[in-house]
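In what follows, a single structure is set out as structure tokens and then discussed.
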Amino acid sequence: MAKNITKRDEDYSEWYLDVIRAAELADYAPVRGCMVVRPTGYALWEHVQEQFDRRFKETGHVNAYFPLLIPHSFLEKEAKHVEGFAPECAVVTHAGGEELEEPLVVRPTSETIIGHMYSKWVQSWRDLPILINQWCNVMRWEKRPRLFLRTSEFLWQEGHTAHATREEAVEETLRMLEVYREVMEDELALPVIPGEKTEGERFPGADNTYTCETMMSDRKALQAGTSHFLGQNFAKAFDIQFQSEAGQLEYAWTTSWGASTRLIGALVMTHSDDDGLVLPPRVAPTQVVILPLSNDQGRMDEILLPRAREVEARLNGVLGPRRVLIDTQFHLRPADRFFHHLQRGVPLRLELGERELEEGTLRYVRRDTGEKGSFPLDRAAEEVPALLGRIQRDLHAKALKFRQDNTHEVSSFAEFQEVLASSGGFITGYFGGSKEDERAIKEATGATPRCFPLADQRTGKCFYTGQEGARRVIFAKAY
RNA sequence: CGGGGUGUAGCGCAGUCUGGUUAGCGCGCUUGGUUCGGGACCAAGAGGUCGGAGGUUCAAAUCCUCUCACCCCGACCA
């Protein structure tokens with residue numbers, strides 16, 4: 001077992017940080033709450049990005065880039081927005097050796113500056129919709145930073161769209177929520193619950209916020225991505241007006257949606273174990289590591305290594321470039337080489353030693369289950385993709401089962417408190433309470449409403465207020 | 001911002017209460033050797049302004065004052 005990683009049962013926070021350190025995903029930066037995303041972590045992010053970006057483009061969006069600095073006055077144009085974000089903004093007051101006339105905010109999100117630009121770009125109904133995404137960094141001076149989950153600066157994408165009608169904007173909001181769901185489920189193997197946020201959990205300035213909620217292996221919830229229907233709030237604040245087909249001057253309807261490097265934290269906390277990182281193959285920077293094994297350096301160089309390169313070339317043909325690594329750390333003993341890749345979450349290990357050479361086979365070991373087996377060497381191009389596919393599905397199924405096993409139905413607040421205290425996890429039921437009720441429940445139990453799941457439209461008696469006709473809800477303690 | 005804790009080698013720690021030669025230990029790292037299919041062993045090494053500043057003292061990792069940083073639990077949040 002890993003000797004450099006705290007056991008998950010012993011101290012979940014320590015375990016989480018140990019896994020990240022051992023896998024070399026990130027390191028602490030000299031500035032509070034900031035992190036350095038190390039090459040392995042960044043490669044992982046690039047794979048996540050790629051999956052989103054492809055789908056954004058498939059749904060008609062284009063990428064652009066807006067500036068990092070935003071005039072402070074922009075933030076103040078939308079009342080709820082400034083209230084929500086001003087406390088956590090970093091502000092630039094000096095530049096060029098002089099005090100600035102107007103302080104500049106380091107963007108915490110870009111609705112304001114993009115709204116400002118859209119007002120210049122939109123005049124006619126023919127200018128709509130605008131479907132823009134940007135990949136960038138943002139800064140939120142959170143009180144309690146945590147690697148990947150809540151860093152002062154983080155990387156994300158933010159989509160900002162403007163539409164002529166309310167219906168179109170709502171449709172866009174839900175379409176992008178579905179894109180998030182698909183990437184998270186199919187690529188990251190994260191079972192998520194798409195749902196609508198309660199009033200108390202809404203994005204500052206939004207009419208409605210949708211979310212993909214996911215359960216970590218300590219049974220706490222993590223908001224993995226959000227999609228906001230902004231109504232005409234930002235259009236009115238920034239004067240995004242257009243003349244309709246009928247000649248009327250109208251405000252546009254806007255949306256925004258974002259997903260961040262927090263997803264890497266979600267990957268760690270969903271799939272990893274006491275040995276370290278476990279990654280779903282589809283986003284793992286290295287999907288397969290080949291280990292030539294021999295005590296004889298001459299045979300290694302002349303026979304095993306060339307053979308390993310042949311296998312690599314064949315796998316490159318089916319997996320795409322740079323997903324296969326040949327381990328050449330010949331100064332290490334085999335056990336050390338195993339652990340090296342184990343801790344970095346490489347989904348599949350292939351061993352090519354003297355035995356395999358003799359038999360004409362490859363031995364494989366799955367990272368997620370430890371399952372071992374072998375197949376004929378010349379079957380690698382068929383067997384490896386099949387194994388990776390199984391790993392991907394099994395990781396998702398395992399996480400889904402964990403969530404199901406840790407989801408409990410309640411019908412009263414007493415039951416709610418009892419379940420939360422004894423088993424934690426997701427609590428389902430009906431909820432029709434107010435913002436004040438949400439606050440009271442949070443103060444009493446630490447749990448918050450995560451969402452009203454879109455997939456379950458039943459109504460019933462509220463577990464808190466007792467009123468009928470309440471919606472299905474999920475409560476949980478959250479990150 | 002409230003509560004708790006920690007700063008000594010890359011990482012984890014001992015030493016601090018009770019001041020006293022050259023500041024230790026484990027892991028890791030370097031070199032050599034024996035090993036080698038799930039975290040080996042032997043030997044020799046490298047690596048420290050003890051978080052920072054000031055003070056007390058013949059003498060400070062150790063005592064005093066101030067300060068900074070980080071971690072954990074809350075409130076706030078992608």
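These numbers come from a predicted model, not from an experiment.
A stacked arrangement is assigned to A:Phe339 and the six-membered base ring of B:G39, with a centre-to-centre distance below 5.5 Å and an interplanar angle below 30°.
Between the side chain of A:Glu158 and the main chain of A:Ser110, a donor-acceptor pair closer than 3.5 Å is present.
Look at the P atom in both B:U31 and B:C71: the space between them is 34 Å, to the nearest Å. For the C1' atom pair drawn from B:G48 and B:G2, the interatomic distance equals 36 Å after rounding to whole Å. Taking atom P on both B:A23 and B:U62, the two are 15 Å apart, rounded to the nearest angstrom. Here, B:G12 and B:G54 have their P atoms 28 Å apart, quoted to the whole Å. B:C13 and B:A61 have their C1' atoms separated by 15 Å, given to the nearest Å. A distance of about 23 Å separates the P atoms of B:U8 and B:G19, rounded to the whole Å. Going from the C1' atom of B:U6 to that of B:G51 covers 11 Å, rounded to whole Å.
Atoms NE2 (A:His228) and C1' (B:A78) sit 8 Å apart, rounded to a whole Å. As a whole-Å value, the separation of A:Leu342 CG from B:G38 P is 13 Å. Computed from coordinates, the A:Gln329 CD to B:C29 P distance equals 11 Å when rounded to whole Å. Atom NZ in A:Lys220 sits about 6 Å away from atom P in B:G74, given to the nearest Å.
One finds a side-chain N or O of A:Lys442 lying less than 4.0 angstrom from the OP1 or OP2 phosphate oxygen of B:C76. Phosphate contact (OP1/OP2 of B:C76, side-chain N/O of A:Arg439, threshold under 4.0 Å): present.
Checked against A:Tyr464 for a ring pair (Phe, Tyr, Trp, His ring centres under 6.0 Å), the options A:Phe413, A:Phe416, A:Phe475 give a single hit: A:Phe413.
For A:Arg146, the side-chain atoms get nearest to B:C72 when compared with the rest of B:C72, B:A78, B:C76.
Position along RNA chain B of the nearest nucleotide to A:Glu354 versus A:Pro145 favours A:Glu354 as the more 5'-ward residue. Each of A:Arg333 and A:Asn295 was assigned the nucleotide of RNA chain B with the nearest heavy atom; the assignment lying further toward the 5' end belongs to A:Asn295.
Looking only at side-chain heavy atoms (C-beta outward), A:Gln157 and A:Cys136 stay at 4.5 Å or farther from each other.
We find that A:Asp273 and A:Arg367 are joined by a salt bridge, their nearest charged nitrogen and carboxylate oxygen being less than 4.0 Å apart.
You won't find any donor-acceptor pair under 3.5 Å spanning the side chain of A:Arg337 and the base of B:G37, going by distance alone.
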